[in-house]
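All of these numbers come straight from a predicted model, not from anything done at the bench. Count residues from 1 along the sequence.
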Amino acid sequence: MATALTTGALLLTAACSDGDGGSAAESETASAPATSPTATPSASPTPDLTEAGARSALITEADIEDYWDQVDDPQKWRDSLLIGEVDAAAFLSGKSEAADCQRLLDSLYDETLLGRPSGASALTGFEEGDSRLLYQVAAYRKADLDEAMKWLKSLPDTCDQFTLTGGDDGERTVQVVEASLPAEGDARQGLTVTVKGTSGGDPVTLTLDVAAVQVGADAITVTNGGLGGANHAATEAAVGQGTPRLEQVLAGRTPQSTPTGVE
């Protein structure tokens with residue numbers, strides 16, 4: 001009898017010890033952070049655009065169609081037909097609308113179409129006959145870039161037609177209409193600006209494509225055209241090939257030197 005009682009007590013003690021150990025293990029498991037097989041890590045923030053990245057994101061001659069030649073000093077470009085003062089008297093709302101149109105003309109063939117960059121910026125230019133294509137990649141404050149894109153979008157209504165005076169070319173008529181662009185980036189806006197006047201006593205027409213594509217807080221801008229008209233295919237190619245280059249740079253990759261599908 002004594003032996004049986006002793007054996008039963010030992011078995012009971014062992015069972016209690018196993019149960020306590022199991023409870024502790026279960027408690028540790030329950031207190032450990034739960035993981036879901038479907039959970040995904042938070043996305044890494046997009047890196048800031050660097051000067052080297054901006055230069056790498058610039059298009060090359062291979063990215064645009066026809067026979068464009070890259071130039072060394074596009075910052076020196078300017079067309080005399082764009083130099084003058086917008087006639088504010090022609091606007092129903094007066095000076096505010098005139099200021100928007102003046103801002104557009106002053107920034108064409110300039111590095112300030114979307115305002116002054118707040119970070120890295122790179123510029124390149126190409127010529128084909130009398131036509132010029134200016135291409136810029138730059139970083140901005142996000143809020144400022146959003147406002148600049150809204151301003152561009154408003155111009156076909158605000159500045160659909162107005163008069164430019166002064167300068168060396170007398171009175172000129174300016175028209176601004178919306179232009180289509182490839183569906184690239186987070187937001188985009190295309191314009192065609194036509195300036196009709198005289199040069200050397202002869203009637204002339206300057207036609208320019210203007211394009212801007214936003215990618216987060218960065219953007220590409222294109223001004224393309226001349227007295228022979230604007231090559232819309234080149235503008236679309238610059239946007240269609242250039243935006244992915246910027247996106248690749250922001251993703252930490254190196255853009256292809258020769259874009260696929262461009263001959």
Side-chain angles (χ1 to χ4, degrees), residues 64 68-91 94-117 121 123-136 138 148-149 151-179 181 189-213 219-232 234-235 238-239:
I64 47 181
W68 293 90
D69 295 317
Q70 193 166 6
V71 299
D72 295 328
D73 54 355
Q75 294 92 337
K76 297 180 180 180
W77 282 345
R78 193 62 183 162
D79 194 293
S80 62
L81 286 177
L82 300 173
I83 299 174
E85 297 295 327
V86 173
D87 184 3
F91 291 89
K95 294 183 178 179
S96 62
E97 291 180 338
D100 284 335
C101 305
Q102 189 74 59
R103 174 183 170 186
L104 172 65
L105 294 184
D106 290 344
S107 64
L108 293 176
Y109 284 129
D110 194 0
E111 300 174 54
T112 61
L113 180 64
L114 297 176
R116 295 284 178 188
S121 177
L123 190 74
T124 189
F126 306 87
E127 289 182 334
E128 183 186 36
D130 294 330
S131 294
R132 299 167 175 172
L133 191 152
L134 187 71
Y135 188 93
Q136 183 182 18
M149 294 298 292
W151 166 72
L152 273 183
K153 191 174 184 63
S154 72
L155 294 181
D157 293 326
T158 304
C159 304
D160 57 340
Q161 182 166 315
F162 59 93
T163 301
L164 188 65
T165 62
D168 297 329
D169 294 299
E171 188 173 282
R172 283 137 287 162
T173 300
V174 184
Q175 291 181 316
V176 180
V177 299
E178 189 166 11
L181 293 176
Q189 183 59 49
L191 306 171
T192 298
V193 180
T194 305
V195 184
K196 294 182 178 181
T198 60
S199 179
D202 297 322
V204 293
T205 299
L206 174 68
T207 306
L208 300 173
D209 272 353
V210 180
V213 179
I220 65 170
T221 56
V222 183
T223 303
N224 166 36
L227 296 178
N231 185 334
H232 300 295
T235 304
V239 168

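Taking every heavy atom of both residues into account, Trp151 and Leu113 meet most closely at CZ3-O, 3.3 Å. Scanning all heavy atoms of the two residues, the minimum distance from Leu81 to Val195 falls at O-CG1, 3.8 Å. Residue Ile64 comes nearest to Ala234 through the heavy atom pair CG2-O, 3.8 Å, listed as atom of the first residue, atom of the second, then distance. The minimum heavy-atom distance between Asp100 and Cys159, with the atom names listed, is C-SG, 4.2 Å. Residues Leu133 and Trp77 come closest through the heavy atom pair O-CZ3, 3.6 Å. Taking every heavy atom of both residues into account, Arg78 and Asp106 meet most closely at NH2-CA, 3.8 Å.
Judged purely by distance below 3.5 Å, without hydrogens or angles, the side chains of Asp87 and Thr165 never pair a donor atom with an acceptor atom. Under 3.5 Å, the side chains of Thr124 and Gln70 contain a donor-acceptor pair of N or O atoms.
With a 4.5 Å cut-off on side-chain heavy atoms, Phe162 and Glu97 do not count as touching. No side-chain heavy atom of Val204 sits under 4.5 Å from any side-chain heavy atom of Leu206. Taking 4.5 Å as the limit, every side-chain heavy atom of Glu111 sits out of range of all side-chain heavy atoms of Leu134. Between Asp209 and Val222, the closest side-chain pair of non-hydrogen atoms is not below 4.5 Å.
Atom NZ in Lys153 sits 5.5 Å away from atom CD in Glu178 (nearest 0.5 Å). Note that CD of Glu85 is 13.5 Å distant from OG1 of Thr163, once rounded to the nearest 0.5 Å. Atoms CG and CG, from Leu108 and Asp79 in turn, are 10.0 Å apart once rounded to the nearest 0.5 Å. Interatomic distance, Leu208 CG to Leu82 CG, rounded to the nearest 0.5 Å: 6.0 Å. Taken to the nearest 0.5 Å, the OG atom of Ser107 stands 10.5 Å off from the CZ atom of Arg116. Taking OG1 from Thr158 and CG from Leu152, the interatomic distance works out to 11.0 Å, rounded to the nearest 0.5 Å.
Between the side chain of Arg172 and the backbone N or O of Ile83 there is at least one donor-acceptor pair closer than 3.5 Å.
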Going through the distances and angles, do Ser121 and Gln136 end up as a side-chain hydrogen bond (donor to acceptor under 3.5 Å, both in side chains)? CA-CA 7 Å; Ser121 177; Gln136 183 182 18; 3.1 Å; yes
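Summarising the local packing, CG of Asp73 is surrounded by more than 12 heavy atoms from other residues, nucleotides or ligands at distances under 6.0 Å.
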